[in-house]
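Here is the structure we will look at, set down as structure tokens.
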There are 2 protein chains.
Amino acid sequence: MRVLKFAILGLLEQDKMTGYDIAAAFKGALGQFWSAKHSQIYPELKKLVVEELIAFETVIQGEKLEKKLYSLTAKGTAELMDWIQRVEAVNVSNKDEFMLKTYFIAAMDKQEAQQLFSNQLNSRQRKLEKLEQILTELEAEQKAPIHFSSPEFGHYLVLTRAIEREKGYIQWLERSLALME
Amino acid sequence: MRVLKFAILGLLEQDKMTGYDIAAAFKGALGQFWSAKHSQIYPELKKLVVEELIAFETVIQGEKLEKKLYSLTAKGTAELMDWIQRVEAVNVSNKDEFMLKTYFIAAMDKQEAQQLFSNQLNSRQRKLEKLEQILTELEAEQKAPIHFSSPEFGHYLVLTRAIEREKGYIQWLERSLALME
DNA sequence: TTAAAACATGTAACTAATTACATGTTAAGC
DNA sequence: GCTTAACATGTAATTAGTTACATGTTTTAA
């Protein structure tokens with residue numbers, strides 16, 4: 001369904017950028033819900049240029065380093081807007097290897113299961129801390145409270161969703177551990 | 001990383017089954033966290049037979065319908081146990097196309113965004129209802145309260161996780177809609 | 001009895017994504 | 001001045017996953 005295509009169009013709608021910048025964006029909050037490696041990004045950018053959804057200008061960085069600054073064409077903007085309004089069915093299977101193991105908990109003994117769950121709990125707690133720190137920084141940069149027209153609204157929503165996702169996971173892990181006592 | 005391989009080994013550890021049965025299992029609660037189409041399952045089963053992790057016996061259903069009942073070998077059980085205890089890193093990017101759109105909310109006008117969010121809220125609420133119904137049925141079948149040694153413990157944990165995941169998503173959608181007033 | 005839904009198994013073609021291979025420049029800190 | 005991290009761009013090979021093609025049997029309900 002070429003979601004990466006729209007991820008790239010959406011990022012370019014915000015700003016002109018290079019393939020490297022796009023890869024970097026996937027390392028931020030956005031990466032909690034979509035990401036791609038540079039080996040997938042560069043070929044996709046080439047494809048989008050052929051399809052005339054994006055265009056690039058070559059910029060020299062320093063002495064001789066050539067980088068390609070990509071931007072949306074009118075056609076690209078139109079396709080982005082079409083996708084963004086489209087109502088998609090909720091995707092059923094959000095793959096999660098830990099939950100797959102959980103389904104097979106009958107194959108573990110109690111200590112094993114507790115070990116696995118506390119370990120997961122620990123990882124999730126550390127992840128939550130990091131996300132909360134990023135949110136704190138984002139909020140500190142803001143003068144007024146964030147609202148619909150803030151340029152950071154999308155970033156803020158994605159971050160809060162990622163944080164609450166972790167909190168929910170953590171609560172479930174704790175309750176499951178309690179059930180195993 | 002061949003997670004499907006372990007999904008199949010895990011299912012066969014519970015019971016002998018056919019490829020069709022495995023596909024059916026992915027339509028239940030397990031499918032909330034892992035699934036595969038039959039076109040991926042059948043080749044994987046063949047591969048696992050070659051690797052001697054599973055074996056099958058041909059069974060005749062009715063007059064002449066041949067079906068293959070797969071079961072774990074000792075080698076398959078060993079590999080399953082090895083995987084199940086292994087501590088994996090928490091996977092970062094849990095892909096979610098709706099959250100990708102959310103990140104690009106600046107490209108929407110307010111009504112568009114509200115429309116999209118209420119629509120998603122609705123779908124998620126309907127999904128939650130279905131999951132809660134399945135849990136109610138599961139609990140009704142149980143005589144004693146579910147605990148670690150109940151054969152349905154894995155199923156129960158996965159279901160409660162799926163339900164809480166939806167509840168968290170719904171709460172976030174509602175709070176986000178409120179922010180857009 | 002007959003039609004539809006469920007059971008059952010496969011392959012082919014294609015798309016999506018990861019890992020590995022491959023190379024070079026620029027900026028920052030010591 | 002030198003080293004390291006970050007910036008920057010690509011391709012090749014492989015694996016994972018989806019959609020489409022292809023066929024046949026058995027059970028259930030009208």
Side-chain angles (χ1 to χ4, degrees), chain A residues 1-8 11 15-28 30-31 33-51 54 56-70 88-89 91-97 100, chain B residues 1-8 11 15-28 30-31 33-51 54 56-70 88-89 91-97 100:
Chain A
M1 209 264 181
R2 272 183 88 194
V3 182
L4 177 59
K5 164 179 155 179
F6 298 106
I8 291 174
L11 285 169
D15 219 340
K16 287 183 176 185
M17 46 178 104
T18 66
Y20 187 89
D21 294 331
I22 290 166
F26 289 135
K27 281 173 187 154
L30 174 59
F33 299 102
W34 207 271
S35 73
K37 315 276 181 186
H38 77 274
S39 55
Q40 199 186 358
I41 295 167
Y42 289 115
E44 186 66 35
L45 284 168
K46 288 204 161 178
K47 209 171 170 187
L48 291 170
V49 169
V50 171
E51 293 169 325
I54 65 175
F56 69 89
E57 40 173 332
T58 304
V59 170
I60 305 293
Q61 182 86 356
E63 276 305 283
K64 55 177 169 179
L65 178 65
E66 288 190 354
K67 59 179 190 180
K68 292 176 181 171
L69 259 189
Y70 290 92
E88 233 91 37
N91 56 323
V92 186
S93 170
N94 222 308
K95 293 192 172 182
D96 182 334
E97 197 174 338
L100 181 63
Chain B
M1 210 266 183
R2 275 183 85 195
V3 182
L4 177 59
K5 163 181 155 178
F6 297 106
I8 290 174
L11 285 169
D15 218 339
K16 287 184 177 184
M17 49 180 102
T18 65
Y20 187 88
D21 295 330
I22 290 165
F26 289 135
K27 281 172 187 156
L30 173 59
F33 299 102
W34 206 273
S35 73
K37 315 277 180 184
H38 77 273
S39 56
Q40 198 187 359
I41 295 167
Y42 289 115
E44 187 65 36
L45 284 169
K46 288 204 161 179
K47 210 172 168 187
L48 291 171
V49 170
V50 172
E51 293 169 325
I54 63 175
F56 70 90
E57 40 174 331
T58 303
V59 170
I60 305 293
Q61 182 86 358
E63 277 306 284
K64 55 178 169 178
L65 178 66
E66 288 191 354
K67 59 180 191 180
K68 293 176 180 171
L69 259 189
Y70 291 91
E88 234 90 36
N91 56 322
V92 186
S93 171
N94 221 310
K95 294 191 173 182
D96 183 334
E97 197 173 339
L100 182 62

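None of the values given here were measured: they were computed from a predicted structure. Each chain gets a letter, A, B and so on, in the order the sequences are listed, and its residues count up from 1. Computed from heavy atoms alone, side chains included, the values below leave out hydrogens, waters and symmetry copies.
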In short, B/His38 meets B/Pro43 closest at the heavy-atom pair O-CD, 4.2 Å
Could you check whether any side-chain heavy atom of B/Arg2 comes within less than 4.5 Å of a side-chain heavy atom of B/Glu44, counting everything from C-beta outward? yes
Contacts of A/Asp21 meeting side chain to side chain donor-acceptor pair (under 3.5 Å) (sequence neighbours excluded), chain-then-number -> A/Thr18
Per-nt protein contacts along nucleotides 16-22 of chain D (heavy atom under 4.0 Å; B base, S backbone sugar-phosphate only, - none) come out as SBBBB--
Task: Residues, nucleotides or ligands: over 12 heavy atoms within 6.0 Å of A/Lys16 NZ - done: no
One would report the end-axis bend of the helix from C/dT1-D/dA30 to C/dC30-D/dG1, five pairs per end and rounded to 10 degrees, as 40°
Closest non-hydrogen contact found for B/Gly31 with A/Ser93 is O-CB, 3.2 Å
Here the distance between atom P of D/dT25 and atom CD1 of B/Ile60, to the nearest Å, is 12 Å
Taken to the nearest 0.5 Å, the spacing of B/Ile22 CD1 from B/Leu11 CG works out to 6.0 Å
A/Asp21 atom CG is separated from D/dC7 atom C1', nearest whole Å, by 9 Å
Here the residues of residues 61-69 of chain B within 4.0 Å heavy-atom distance, strictly under, of DNA chain D are B/Gln61, B/Gly62, B/Glu63, B/Lys64, B/Leu65
Taking every heavy atom of A/Phe6 against every heavy atom of A/Met1, the minimum-distance pair comes out as CE1-O, 4.2 Å
Nearest heavy-atom contact between A/Trp34 and B/Glu97 is CZ3-N, 4.2 Å
Does B/Lys5 reach a base, just sugar-phosphate, or nothing at all? Heavy atoms under 4.0 Å.
nothing
Within the sub-3.5 Å range, which N or O atoms of nucleotides 28-30 of chain C have a protein N or O partner, and how far apart are they?
none

Here the distance between atom P of C/dA16 and atom CZ of A/Phe26, to the nearest Å, is 14 Å
Ignoring backbone atoms, establish whether A/Tyr20 has a side-chain N or O less than 4.0 Å from OP1 or OP2 of D/dT9. no
Whole-Å distance, B/Leu45 CG to C/dT11 P, equals 11 Å
Residue set satisfying side chain to side chain donor-acceptor pair (under 3.5 Å) with B/Glu66, at least two apart, ordered chain then number -> none
Taking every heavy atom of B/Leu30 against every heavy atom of B/Ala25, the minimum-distance pair comes out as CB-O, 3.9 Å
Rounded to the nearest 0.5 Å, the NZ atom of B/Lys37 sits from the CG atom of B/Leu4 at a distance of 13.0 Å
* Side chains of A/Ile41 and A/Phe26: does their closest heavy-atom pair fall under 4.5 Å? -> yes
Rounded to the nearest 0.5 angstrom, the OH-NZ distance for B/Tyr70 and B/Lys46 is 7.5 Å
Between D/dG10 and A/Tyr42, is there an OP1 or OP2 to side-chain N/O distance shorter than 4.0 Å? no
Taken to the nearest whole Å, CG/A/Leu48 to P/C/dA16 is 12 Å
